[in-house]
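Numbers here are sequence positions counted from 1.
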Amino acid sequence: MELFSVPLLLLVFSFSSFPISTYARGGEQLATRTGFAGYTSNGFFSRHLLDENQLKTKRVEVDGYMTNSELEKAVKEFGRRCHKISKIYSIGKSVNHIPLWVIEIADKAGQEEAEPAFKFVGNVHGDEPVGRELLMLLANWLCDNYKTDPLATLIVKGVHLHILPTMNPDGFSLRQRGNANNIDLNRDFPDQFFPNNDDVDFRQPETKAIMNWLKERHFTASASLHGGALVANYPWDGSPNRRKQYYACPDDKTFQYIASVYSSSHYNMSQSEEFDGGITNGALWYPIYGGMQDWNYIHRGCFELTLEISDNKWPNADELPILWEYNKMSMLNLVASLVRTGVHGRIMSSRSGRPLPASVMIKEINYTVRAGSLFGDYHRVLAPDDSYEVVATMPGYRSKSTRILLGGDAMTVDFVLDPEEDQHRQLSSICKCDCENEDKLEMMEYLLGSHLEFSFLCLSMLGVILLLVFFLWKRKMTSRQIIRVRT
């Protein structure tokens, strides 16, 4: 018995020496040993089934956590109770055909507005259920405090908030990290460095649901909730050489800022001894590939964070009220930051006055966001207290730019873009140097320039008046002829 206990003790000690945090997103140590993060024996990335022996969590007492059916009832009940500021819809189904319900919260839920949109996604990993509970608490808090709490009112009136409590209901039921097919959903998205995840036929239904969701709706920013560590993680999550290193995305400064918004509002996340300020670059922590966070930023213009909100992946349910209090202000401030900071505006055509689905970029930041097609509205997340040159571009129109000094508050910058046609070149081709009179040239520029539509309207009205005068004159002449004939 003594001979057996010594190696067993050493084995337990060796596993306890792994940092708890590295298990949260997949872990570099575990990844290289089991391959579950997507590494093959030759070092190349590919999609793998999870290792049952290593990754399936032991059965945990779940008293106090909602089952999937209870969660569905809670979502629908919320929709009935808060129908004035919410809409319930599904983005698809899991492998086992469980609907993926979403709660939209806004003063005009279900309608398009010129406002930024934010999404929360919980329970990406089946054995990390804290997010699904906290997101329902968040929804109910907003419902209860709208019009009485300034922060709740700001969010409901200024943001369209979408909450997906569980992305992986099957994994939750099975008490395992992956879905019903035992696939890690946070390794199932297309990756910028390794193209192995580009085969749509192998993609999981939960992953497809998220990707189709973002084709239909444009989100300015988002966050997914995980467990197993206490840190706000930001892009990039991987590096091209698969090394553990700081690998910054174009908006690195902005991501550091929004990650700090969450961390600094948390009860103790910013006091982390492992992560400076409670935030980390994903590739520096440990690289992963096929993650949802980077895909959001690259393909959908959505600034996403991966939030590790509990040191314990599946804590006892009696800890949920404490975890809610620790994370509540962080969640609220993160959503509110969309309207409190950054640069916002609309882009219109000078010719038609209609909104333009133009692109907006910041000079010296290699990243573009798109304006909405219905209102031409754009919402650019930026770190405050800096100077930026904002550029609006649209095919067929001349680009415009302006430099702003962004302080601690949000700034509104609208653009009116002119068509590309060179008006002076058109004038010179019409005049052919015969326009010696500068007054005539100026008048033509006026008529053919930005006042073209107004001038056309005036000419049309003049034509109608002349036609009416001619008609009256003609009628008068006809009546005279009739009188002459009678006499």
Side-chain angles (χ1 to χ4, degrees), residues 20-21 24-25 116 118-122 130-131 134-135 137-138 141-142 145 149-155 158-159 161 163 220-237 246 248-249 251-285 293 296-297 302-312 319-343 379-386 388 406-411:
I20 295 177
S21 59
R25 287 162 59 233
F118 188 101
K119 65 178 169 67
F120 274 120
V121 178
V130 173
L134 265 56
L135 289 176
L137 289 170
L138 174 66
W141 187 90
L142 289 170
N145 291 276
D149 182 273
L151 191 53
T153 304
L154 174 68
I155 291 172
V159 180
L161 174 61
I163 295 174
T220 302
S222 64
S224 63
L225 304 185
H226 296 252
L230 199 61
V231 66
N233 180 97
Y234 57 88
W236 296 124
D237 258 344
Y246 196 112
C249 73
D251 276 287
D252 185 64
K253 183 178 179 180
T254 298
F255 270 109
Q256 288 187 49
Y257 166 71
I258 60 175
S260 295
V261 168
Y262 196 93
S263 176
S264 61
S265 303
H266 191 275
Y267 176 75
N268 59 355
M269 184 181 288
S270 62
Q271 302 169 20
S272 171
E273 296 182 0
E274 182 179 2
F275 305 103
D276 186 19
I279 68 174
T280 186
N281 172 265
L284 179 64
W285 187 7
Q293 171 183 267
N296 267 267
Y297 178 66
C302 179
F303 287 60
E304 175 154 302
L305 297 177
T306 303
L307 302 174
E308 306 283 352
I309 59 173
S310 169
D311 283 320
N312 192 341
E319 296 181 32
L320 290 173
I322 299 174
L323 291 169
W324 163 241
E325 289 301 322
Y326 283 8
N327 287 276
K328 179 175 72 173
M329 291 308 302
S330 294
M331 298 168 76
L332 293 170
N333 284 333
L334 183 62
V335 178
S337 68
L338 288 194
V339 290
R340 284 175 165 173
T341 59
V343 59
H379 309 279
R380 184 55 163 95
V381 185
L382 289 169
D385 302 320
D386 205 346
Y388 300 99
L406 186 63
D409 298 323
M411 181 174 287

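Side-chain contact between L334 and L307 is present, with heavy atoms from C-beta onward closer than 4.5 Å. Inter-residue side-chain proximity for L161 and L142 is flagged as met; some heavy-atom pair is nearer than 4.5 Å. Side chains of T341 and L382 form no contact here, defined as non-hydrogen atoms less than 4.5 Å apart. Residues K328 and L137 have side chains not in contact (no heavy-atom distance under 4.5 Å, counting atoms from C-beta outward). Within the 4.5 Å cutoff, no side-chain heavy atoms of E325 are placed close to those of I322. Using a 4.5 Å cut-off on side-chain heavy atoms (C-beta onward), I155 and M331 make no contact.
No donor-acceptor distance shorter than 3.5 angstrom exists from the side chain of S263 to the backbone of A259, with no hydrogens or angles considered. A donor-acceptor pair under 3.5 Å is formed between the side chain of N281 and the backbone N or O of L284. Side-chain atoms of N296 do not come within 3.5 Å of backbone N or O of F303 as any donor-acceptor pair. With Y388 contributing its side chain and A383 its backbone, the two residues share a donor-acceptor pair below 3.5 Å.
Applying the ring pair (Phe, Tyr, Trp, His ring centres under 6.0 Å) test to F118 and every residue at least two apart in sequence or in another chain returns F120. Listed by chain and number, the residues in a ring pair (Phe, Tyr, Trp, His ring centres under 6.0 Å) with Y257 amount to none (sequence neighbours excluded). Applying the side-chain contact (heavy atoms from CB on, under 4.5 Å) criterion to A410, with sequence neighbours excluded, gives H344. For Y246, the side-chain hydrogen bond (donor to acceptor under 3.5 Å, both in side chains) criterion is met by Y234, D252, Q256, not counting sequence neighbours. In terms of the side-chain hydrogen bond (donor to acceptor under 3.5 Å, both in side chains) criterion, residue partners of N268 (sequence neighbours excluded) are, by chain and number, H266. S265 pairs by the side-chain hydrogen bond (donor to acceptor under 3.5 Å, both in side chains) definition with N333, not counting sequence neighbours. For T153, the side-chain contact (heavy atoms from CB on, under 4.5 Å) criterion is met by Y146, K157, not counting sequence neighbours. Checked against side-chain contact (heavy atoms from CB on, under 4.5 Å), S224 has the following partners two or more places apart in sequence or in another chain: V121, V124, H226, M292, E304, T306. Listed by chain and number, the residues in a side-chain hydrogen bond (donor to acceptor under 3.5 Å, both in side chains) with D386 are K253 (sequence neighbours excluded). S272 meets the side-chain contact (heavy atoms from CB on, under 4.5 Å) test with E274, F275; sequence neighbours excluded.
Across S260 and I279, no two heavy atoms sit closer than the pair OG-CD1, 3.6 Å. When every heavy atom of A336 is checked against every heavy atom of L151, the shortest pair comes out as CB-CD1, 3.7 Å. Taking both residues in full, the closest heavy atoms of L323 and I309 are given as CD2-O, 4.1 Å, listed atom of the first, atom of the second, then distance. Counting all heavy atoms, side chain and backbone alike, G408 lies closest to D385 at N-OD1, 3.9 Å. Taking every heavy atom of both residues into account, G122 and L135 meet most closely at N-CD1, 3.6 Å. The two residues Q293 and N233 make their nearest non-hydrogen contact at OE1-O, 2.9 Å.
For the residue pair N327 and Y262, a side-chain donor N or O sits within less than 3.5 Å of a side-chain acceptor on the partner.
Rounding to the nearest 0.5 angstrom, the gap separating the CG atom in L230 from the CD atom in Q271 is 10.0 Å. A distance of 10.5 Å separates CG of D237 from SG of C249, quoted to the nearest 0.5 Å. Between D251 atom CG and I258 atom CD1 the span is 8.5 Å, to the nearest 0.5 Å.
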Exercise for the section: Under the side-chain contact (heavy atoms from CB on, under 4.5 Å) rule, what do F255 and V381 come out as? Steps first, then yes or no, please. Expected result: CA-CA 9 Å; F255 270 109; V381 185; over 6 Å; no

